Number of protein chains: 2
Amino acid sequence: MSLRYAVLGLLANEPGSGYDLTQRFDAILGRHAWHAQHSQIYPELKRLSGEGLISVVAEGPRGRRTYDITEAGRNDLRTWMRNYPEAGVVRNEYALRLFFLGALEPADARALLEKYSQAGEEQAQAIHAIRPELDQRPLLGFGRLAAEFGARYFEMQRDWAQWAIDQLDHEHGP
Amino acid sequence: MSLRYAVLGLLANEPGSGYDLTQRFDAILGRHAWHAQHSQIYPELKRLSGEGLISVVAEGPRGRRTYDITEAGRNDLRTWMRNYPEAGVVRNEYALRLFFLGALEPADARALLEKYSQAGEEQAQAIHAIRPELDQRPLLGFGRLAAEFGARYFEMQRDWAQWAIDQLDHEHGP
DNA sequence: ATTTACATGTAAGACGTTACATGATTCT
DNA sequence: AGAATCATGTAACGTCTTACATGTAAAT
């Protein structure tokens with residue numbers, strides 16, 4: 001059921017076509033929270049439109065249809081948002097891998113941790129880079145609060161990986 | 001393909017039955033990294049066993065079969081681990097909700113942020129509580145490095161939510 | 001004796017990915 | 001003229017959840 005709310009939330013932020021939403025998923029949302037391909041998005045737009053939660057507000061070249069959220073849709077989104085889930089869907093391949101570091105030999109574990117550290121630094125920088133624009137208007141569904149969360153997350157990942165490397169070095173000689 | 005490696009990783013940590021693995025997913029892994037029900041686990045164990053990546057090492061009451069990872073399985077797991085994915089699967093309902101805080105009225109957003117803060121504190125405490133045992137032996141697939149990551153993650157969540165509440169209060173009056 | 005926990009399995013339907021399919025508009 | 005981007009759609013296949021189904025062993 002989350003795809004439904006991902007789409008509603010993105011449209012609540014800014015109207016857009018299926019094509020636009022596909023890009024927003026690819027750019028931001030899909031990296032951190034939820035992913036969807038266009039093959040899932042277009043049917044979902046039809047469904048939501050049929051239920052009156054979104055509607056076509058403009059048509060453009062190549063059959064482009066721009067959707068916006070309706071009042072009914074906004075209410076549905078808010079109701080969902082107000083209800084904090086006891087057991088929400090969480091699936092994270094990177095976190096999964098980090099559980100099994102013990103299965104690697106120290107040299108391989110170290111190399112992997114370097115990648116976690118590097119990726120953390122890069123992603124944090126990427127967020128800092130777009131932050132100035134966020135104060136003007138939300139970008140691709142990325143508001144100030146979410147940006148801060150993302151930045152803190154990736155800085156934490158970077159620092160944790162460095163700490164973990166230190167731990168390994170102390171155990172197996174620097 | 002990640003379920004496969006979640007199972008291999010858990011068995012690499014400690015042998016267990018389908019029932020045991022179901023509990024490990026429920027207790028730790030499913031909350032942070034990957035989830036699976038028994039209805040998915042049992043068929044997966046058969047598949048992995050058929051491929052020679054795991055094998056039955058003990059049988060017990062009620063048809064219980066304890067599996068352990070084989071050398072072939074350990075190699076497969078290590079190969080997967082060494083390969084850091086460019087675009088791994090990430091799906092997080094909690095993070096998704098946090099992207100759309102702007103859709104709520106300030107009072108509702110504040111209430112939700114309080115829940116994020118509280119949940120962060122509780123989960124961080126839960127990890128600290130089991131940490132002493134981790135130094136003796138890995139517990140439910142939860143090694144020291146992963147525990148530290150989890151603790152830092154939830155402390156970050158708590159602190160971010162408090163920061164976000166401050167931001168809202170400054171915008172809309174305390 | 002009854003309840004709880006242990007233990008495994010299958011089936012239907014929902015959700016998600018990959019591949020197939022088509023065409024218009026814009027840029028170089 | 002050709003390439004890249006924009007734009008939408010469907011089908012087959014794989015994964016995941018929910019529900020159905022069954023039985024044993026241990027604890028109260």
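These numbers come from a predicted model, not from an experiment.
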message: What's B:Arg91 touching, base or sugar-phosphate or nothing? Going by heavy atoms closer than 4.0 Å.
response: sugar-phosphate
- line: Here the distance between atom C1' of D:dT15 and atom NE2 of B:His35, to the nearest Å, is 15 Å
Short side-chain N/O contact from B:Arg65 to OP1 or OP2 of C:dG9, under 4.0 Å: yes
message: In this structure, how many angstroms lie between the P atom of D:dT22 and the OH atom of B:Tyr42, rounded?
response: 17 Å
message: Output the rounded distance in Å from CZ (B:Arg62) to P (C:dG9).
response: 15 Å
- prompt: Between C:dA7, D:dT17, D:dT8, which nucleotide gets closest to the side-chain atoms of B:Gln37?
  reply: D:dT17
message: So, does A:Gln40 get its side chain near the phosphate of C:dT17, meaning an N or O under 4.0 Å from OP1 or OP2?
response: yes
query: What's the OH-P distance between A:Tyr67 and D:dT8, to the nearest Å?
result: 8 Å
message: At less than 4.0 Å, is any side-chain N or O atom of A:Ser17 found next to OP1 or OP2 of D:dT8? Yes or no.
response: yes
- request: Determine, for B:Trp34 and B:Arg91, whether the Lys NZ or Arg CZ falls below 6.0 Å from the six-membered ring centre while staying within 45 degrees of the axis.
  value: no
- request: Just compare D:dA19, D:dT15, D:dT8 and give me whichever is closest to any side-chain atom of B:His38.
  value: D:dA19
field: Length of the line joining A:Leu48:CG and C:dC15:P, which is rounded to integer Å
entry: 12 Å
query: Can we say A:Asp68 and A:Arg74 salt-bridge, meaning some charged N sits less than 4.0 Å from an Asp/Glu carboxylate O?
result: no
task: Can you measure from CG (A:Leu21) to CG (A:Leu45) and round to the nearest 0.5 angstrom?
output: 6.0 Å
field: Ring centers of B:Tyr116, A:Tyr84 separated by less than 6.0 Å
entry: yes
field: Rounded interatomic separation in angstrom, taking CG from B:Asp20 and C1' from C:dA5
entry: 13 Å
- request: Identify whether any heavy atom of B:Thr22 sits under 4.0 Å from a base atom; if not, whether one sits that close to sugar-phosphate; answer base, sugar-phosphate or nothing.
  value: nothing
- request: Quickly work out the B:Glu44 CD to D:dG14 P distance and round it to whole Å.
  value: 14 Å
- prompt: Separation of A:Leu3 atom CG from C:dG16 atom C1', in whole Å?
  reply: 9 Å
field: NZ/NE/NH1/NH2 to OD/OE distance under 4.0 Å, A:Glu148 and A:Arg144
entry: no
- line: Looking only at C:dA7, D:dT8, C:dT18, the nucleotide nearest the B:Arg64 side chain is C:dA7
task: With DNA chain C as reference, determine whether A:Arg47 or A:Pro61 sits nearer its 5' end, using the nearest nucleotide of each.
output: A:Arg47
message: Both A:Trp34 and B:Thr66 contact DNA chain C. Which one's nearest nucleotide lies toward the 5' end?
response: B:Thr66
